[in-house]
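All values derive from a computational prediction rather than experimental measurement. The chains referred to below are lettered A, B, ... by the order of the sequence lines, with proteins before strands, and numbering in each begins at 1. Keep in mind that the numbers below use all heavy atoms, side chains included, and drop hydrogens, waters and symmetry copies.
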Protein chains: 2
Amino acid sequence: MTLTARPTEATTVAHDRVFRHLRSRIMHGDLPPGQALTLRGIGKDYNVSMTPAREAARRLVAEGALTMSSSGRIATPELSNDRIEELAALRALLEVELASRALPRAHMALIERMQIINTAIADAVQRGDAVAYIRTNLEFHRTLYLRAQAPAMLAMAETVWLQMGPTMRALYGRLRRTEPPQFHRLILAALKAGDEPGLRLAVRSDVTQGLRMLAG
Amino acid sequence: MTLTARPTEATTVAHDRVFRHLRSRIMHGDLPPGQALTLRGIGKDYNVSMTPAREAARRLVAEGALTMSSSGRIATPELSNDRIEELAALRALLEVELASRALPRAHMALIERMQIINTAIADAVQRGDAVAYIRTNLEFHRTLYLRAQAPAMLAMAETVWLQMGPTMRALYGRLRRTEPPQFHRLILAALKAGDEPGLRLAVRSDVTQGLRMLAG
DNA sequence: GTTCTGAGATTGTGATCACATGGAGGTATG
DNA sequence: CATACCTCCATGTGATCACAATCTCAGAAC
């Protein structure tokens, strides 16, 4: 807690470390849907007692990253098709708005960074690395949305990503993707052209494409 | 977002009871912005130890209903004007969509229920009861949105309400409102007429009116 | 009057424990 | 062979405690 010497690291509190690490794993599809977790197990993984494990679990449940049965057992969520559709609609709503707000502030340096990330996505796809694919894909989006200067909106978008994390991984396995997302090129083109309607369409298409593959 | 409790059964779990009660108080403006809370104090209020109080507080922090300082102290949020604007924009985004989805399913019985709630809002306004005003106003909106069959989206809208709760109360004091929300009449009229564009506009106007008064 | 200091009180954190509940798996019974 | 039952282990819950960090505020120093 008092180790303020390290500049980049915030709090070193145990429950927060557990929370952040677990959150990242879930968001990036490191855990399959329906994966059961136990407080004692989490505690053992991170060398802490049940207390910090419980607090991390609580926060994750509150964010929808984990579900709790009536008896208190915790697991990653198994989403129904309706829920997946709804979350995709939420992504479309939120991310189109975020992209739109970021557009006036998206200069060339940002677009170039996004292009580099896009090549990393292609890498992950070629390696068939689902976790790396999800992580870099979200990084692509987050890089843009950070420019929107809308932290509450970005937090909501991340909450949606979090809820979809385990399912995204399962979906990736079914998609057998061989190429990077086609709509990323459209997003980058619209950004360069300052074309807002085009950007909105491209983002909406990108965030709902997985859904279309699921339904089709 | 909250646990799916069986309709008639009250959960006996302490931390959940604390969580729900505190959440309701915050959402409805029972606490002013910046109000500090302590775990031992919460525990005392609900006759429980620190443990359930901590868990409730964690969940509320995760939902944005409470903020945590770097030293772990918890308090209701004091929102900047930028943040208020952003949350209002989120309300507009989410609630316009929810209303739009509810429209095809909004039959006369629902509209009549909303009209009854609207008179309760007028009541609260006349009595100058801020908490009752906020609660009935949210009930008006929630009654409509429940018909949208979009639980994740509704949960997000509630999260926004939650974050604005304490500030809403403070705003209400400044507004010195004497009449019920004018746009509620437009919402009801659009519902009756099945007028989607009109409904979207009315909802958008309603959820951003407080903001306009703040800025103006 | 203002600022610094330091001691005491307050507060969050994490570990541990007793307890009740629920689930899994084996056994008996049809 | 299937199903009901029962026992034991695993798991979440809540209370309590020791501890460290932090806040508060009275009093001293300038």
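Computed from coordinates, the A/D16 CG to C/dT13 P distance equals 9 Å when rounded to whole Å. The interatomic distance linking B/R40 (CZ) with C/dA9 (C1') rounds to 11 Å, in whole Å. Taking atom CG on A/N47 and atom P on C/dT16, their separation rounds to 11 Å, with Å as the unit. If you measure from atom CE of B/M68 to atom C1' of C/dT11, you get 12 Å, rounded to the nearest angstrom. In this structure, B/L39 places its CG atom 15 Å from C1' of D/dT16, rounding to the nearest Å. Rounded to whole Å, the distance from CG on A/L60 to P on D/dG12 is 14 Å. As rounded to whole Å, 11 Å separates atom P of D/dG12 from atom CG of A/L66. Rounded to an integer number of Å, the gap from CE of A/M50 to C1' of C/dT13 is 16 Å.
Between A/H15 and A/R54, the side chains place no donor N or O within less than 3.5 Å of an acceptor N or O (distance only, hydrogens not considered).
Taking only side-chain atoms of B/S71, from C-beta outward, the nucleotide of D/dG14, D/dC23, D/dA15 with the closest atom is D/dC23. In this structure, of C/dT11, D/dC23, D/dG14, it is D/dG14 that holds the atom nearest to the side chain of A/R54. Between C/dT16, C/dT13, C/dG12, one nucleotide has an atom nearer to the side chain of A/T51 than all others, and that is C/dT16. Out of D/dG14, C/dG12, C/dG14, the shortest distance to the side chain of B/A14 is found at D/dG14.
Between A/R58 and D/dT13, a side-chain N or O to OP1/OP2 separation shorter than 4.0 Å is present. Within the 4.0 Å cut-off from OP1 or OP2 of C/dA15, at least one side-chain nitrogen or oxygen of A/S49 is found.
Remark: the backbone N or O of B/P32 is paired with a side-chain donor or acceptor of B/T76 at under 3.5 angstrom.
Remark: A/E63 engages A/R23 in a salt bridge, criterion side-chain N to carboxylate O under 4.0 Å. In summary, A/R59 and A/D16 engage in a salt bridge, as defined by a charged side-chain N under 4.0 Å from a carboxylate O.
A distance below 6.0 Å separates the ring centres of A/Y145 and A/H141.
Residue B/I42 is out of contact with every strand shown, counting any heavy-atom pair closer than 4.0 Å.
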